[in-house]
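Only one structure is covered here, and it is reproduced in the block below.
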Amino acid sequence: MASPLAFPALHASHAGMWIASPDGETRRIGKAEAVAKAAETPMILLNAPLVAQRLGYAELSGLDLLELFAFVHPARFAVPTAKGLASVLGLETAGHDEAIPRFLQAAAAKLIATLTDPSWLEREGAWDAAQALTRLRWPWARVVADQLPKPQVKERWLFSKLPEWEEAPPRTPPRSVQLDRAAVDAQLARLTGSEAEVREGQRAFAETAAHIFDPRRRKGEPNMLLAEAGTGIGKTLGYLAPASLWAQEADGAVWISTYTKALQRQLVGEARRVFPDDAAFRQKVVVRKGRENYLCLLNLEDALQGGFAGRAAILAHLVARWAAFTADGDMIGGDLPGWLTTLFRRNGTTALTDRRGECIYAGCPHYRKCFIERASRSSAQADIVIANHALMMVNAARGREEASRPTRIIFDEGHHLFDAADSTFAAALTGAEMIEIRRWVIGPEGKARGRRRGLSARLADVASYDEEGGLAIDAAREAAEALPGDGWLGRVNEGVPSGPAERMLAAVRATVYARDEGQAESGYGLETEYANLDAPLIEAIADLMKALEALVKPLMVLGQRLEALVEEAPDWLDSAARARIEGAMASLSWRVDTLRGWIALLGRGGGPADPDFVDWLAVDRGEGREYDMGIHRHWLDPTRPVSSVVLKPAHGILTTSATLRSGGDWDTAAARTGAAHLDHEVEHFSAPSPFDYARQAEVLIVTDIQRGDLPALAGAYAALIGASQGGALGLFTAIRRLRSVHARIADRLARDGLPLYAQHVDPMDTGTLVDIFRDDPHASLLGTDALRDGVDVPGHSLRLVIMEQVPWPRPDILHKARRLAGGGMDYDDRIIRSRLAQAFGRLIRKADDHGHFVLLSSATPSRLLTAFPPGTPIHRVTLDEAVRRIKSGLSPATNFGQGSALEIEDEDIPF
Ligand code: SF4
């Protein structure tokens, strides 16, 4: 092991604080001393924001081991804990809190020693990066720069080093083929491996899934299959078998869309079985995400050249190190560690991606190396494109890539299509959305640095060549002044709005607060119906409508001029300029659509409601602080647009999930997926889970915790987690209760060696929290919705799921409207069953998983219990009994079985 560095190291957990002196002597210290030491001398820490939180000292800075790791091993996965780093660095794990400071010193020494190791794989570019980081006073810079020898030959810098993508001719349309059943079986056998026992459910699923690839009979009528495949069927390989076969025989692409990153990652792993050869895999399987996920090289260059300052600039250099080694440039969920940006409190991350649609396409010097362009080109040639529901919807709605539009689509986690569509096809006429359009037209205001520019700067060549186009740009620029500018939130709150948009926002805010029925105290969002508006709001709406019409007109003229320009093709319009103008046309048409949607929404202000939509006014708040406000519009049934822009144009669609029917029937599945809006019959398939739930799981409904009794709720969590010795996933429906429970029990559990992590408490992204949870069988994790079905932790690490109460839908305006249209209580029951089923689904992922599912709610009606797989034992018990059962574990000997289940009576639940 390398010798420790001459720095002290500090470790803080919920169980206490420990410090190791430079010579390795470790002792326990109090908070005040830890804070004082951290302020006076640089210390090695692991995850400074987390240590700062444990110390209650926000300003903490130091030698963060994770930053050093990101420098030495960019694009390498590591769980950001002592155990995680020990495993990736090949060091011995520090078994207990007290040993961790010493471990931190050893890990730092090992990383520093790597810098002089001739076999270090990530050396290229390190010397230059270290010089830049020294100028930025990165705490590790001096130690790192001292060890790094200057390269003999000047190294290529990132932007010249990255490979260029190849332009390929457009792909010919897929051949019309009919898959042979025996060939599908054989492909499935190949993918599952010869030793794997044949699973009948999986084979039936694969054969039925093959039907979606049959030649389509009529335009507008895709071959559509709704398939409910219970957990453990092996549905991923079940659909990959016919999909890969069709892609090969027809020379076409199959798009597979997921809702969660966990499944997307898993799919990438499974797709490797189709193409075991690495080069073939990279060519044939492509992961696509929304462009806001990828690093924009132009933004990075800007950040490296002075656009960022302070900590954000340090992050930019660490991201640049990563960019040289990344597989695909995906900053969110790709190979950039999720924890890296949270170390910098997300400072600057957004500005490194292309969130605001400011891409200048071929006008960009890095266009031929751009990660986004590369991903989009590769998907045009791929066999399997792995995407997500949101991207599928956005692409279909905005359709920039018409030629490579997906025609064969598999929606896995199909029960989430409704939610994905709901957010994609919604309109939000709010301050935050309007200021984005203003900046896109005018450019940033005041002293904002960077390359972000308005329309006139981006299309200067058009303006000088085409007078009408130039006048349209000027008119748009002037009209955009009506939209909210920097500082709008403050002006609106202080009652001094500027311009028609801010005046409308102020009137919305006044209306929302005037109609408040006592919710304002909660500190969370407020809303009210977009109906019975008073005169000041109606007036403000009319003024803003005029202002938006004045903006949309010149933008439409500009769009026509750009189209004409591309057709005329003047001499100066080389292929680069053409691509840039086509890019501008696409983002222009998206803005025009948004503005038109807003105008329609304003237009209905004083009049009757449109039955297809639910509209409301809202002030968005978090912990009492307002951050946005405006008018919202959602489709009453968002699967309507899904059916017209995604389903009908396709040839074949499989929508599958373990809980597609949400404990209901096929009509429910059709209604939640858009199939109900097709004019022809769709095929159904279902296969139950092969797991032995009667033996593997037990549902315990705890009857003696009163709703609203927080100390009792926290006590129950502590007792249950203690009984299972960690390995618990705690699910909450309210962040406030989650925080309160965590605050009451985290220290107590930590002292027993049971770390408790929590979303909305620990300063880490959800993916990282799940990685930590998965890696430590004694850890437990508390969270909200995202954890209910985004967690895939097979095995012993997850052996207990605790839900604080029945997951009732939030009775907001949108929900009330859908409930009314969807059958009242039945509608709610379907949602709750689906949520319970998803949460239960976290528990048993493999045939040898065991675990308990605890619902801390005596008021659980029996009619909801069909959410759990048939055969699962369900007991209503006291907390003590639940603790006893969990301690006893689940095995054939201790399982009480269905026979001992208590009689379950229906109870009415107040809504
Ligand atoms: S082409 Fe667009 S997204 Fe890509 S690097 Fe350039 S500006 Fe960024």
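Here, residue 1 is the first one in the sequence, and each next residue gets the next number. None of these values were measured; they are calculated from a predicted model. One-based numbering, in listed order, for ligands and for the atoms of each.
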Donor-acceptor pair between T258 and Q264 side chains, under 3.5 angstrom: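 No - no donor-acceptor pair under 3.5 Å links their side chains.
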
Going by the order shown, which atoms of ligand 1 are within less than 4.0 Å of some heavy atom of [X]?
X	result
C296	3 (S), 5 (S), 7 (S), 8 (Fe)
R291	3 (S)
I372	3 (S)
L298	5 (S), 7 (S)

Lys NZ or Arg CZ of R368 over W165 ring: under 6.0 Å, within 45°: yes

NZ or CZ of R321 within 45° of F71 ring axis and under 6.0 Å: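 Positive - R321 is close enough to the ring of F71 and near enough to its axis.
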
Inter-residue atom distance M331.CE - T353.OG1, 0.5 Å rounding: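 It comes to 6.5 Å.
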
Under 2.8 Å: N/O/S of C359 next to atom 6 (Fe) of ligand 1: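 Checking C359: none of its N, O or S atoms is under 2.8 Å.
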
Short N-O contact, D383 and R171, less than 4.0 angstrom: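 Here D383 pairs with R171 in a salt bridge, since their nearest N and O are under 4.0 Å apart.
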
C370 N/O/S atom closer than 2.8 Å to atom 4 (Fe) of ligand 1: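 Short answer: yes, at least one N, O or S atom is under the cut-off.
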
Ligand 1-proximal atoms of E373, by part, heavy-atom distance under 4.0 Å: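 Neither part.
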
Given N388, T424, D422, V645, the one that forms side chain to side chain contact (heavy atoms under 4.5 Å, CB included) with M393: T424

Contact check, K369 vs ligand 1, heavy-atom distance below 4.0 Å: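 No; K369 lies far enough from ligand 1 that no heavy-atom distance drops under 4.0 Å.
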
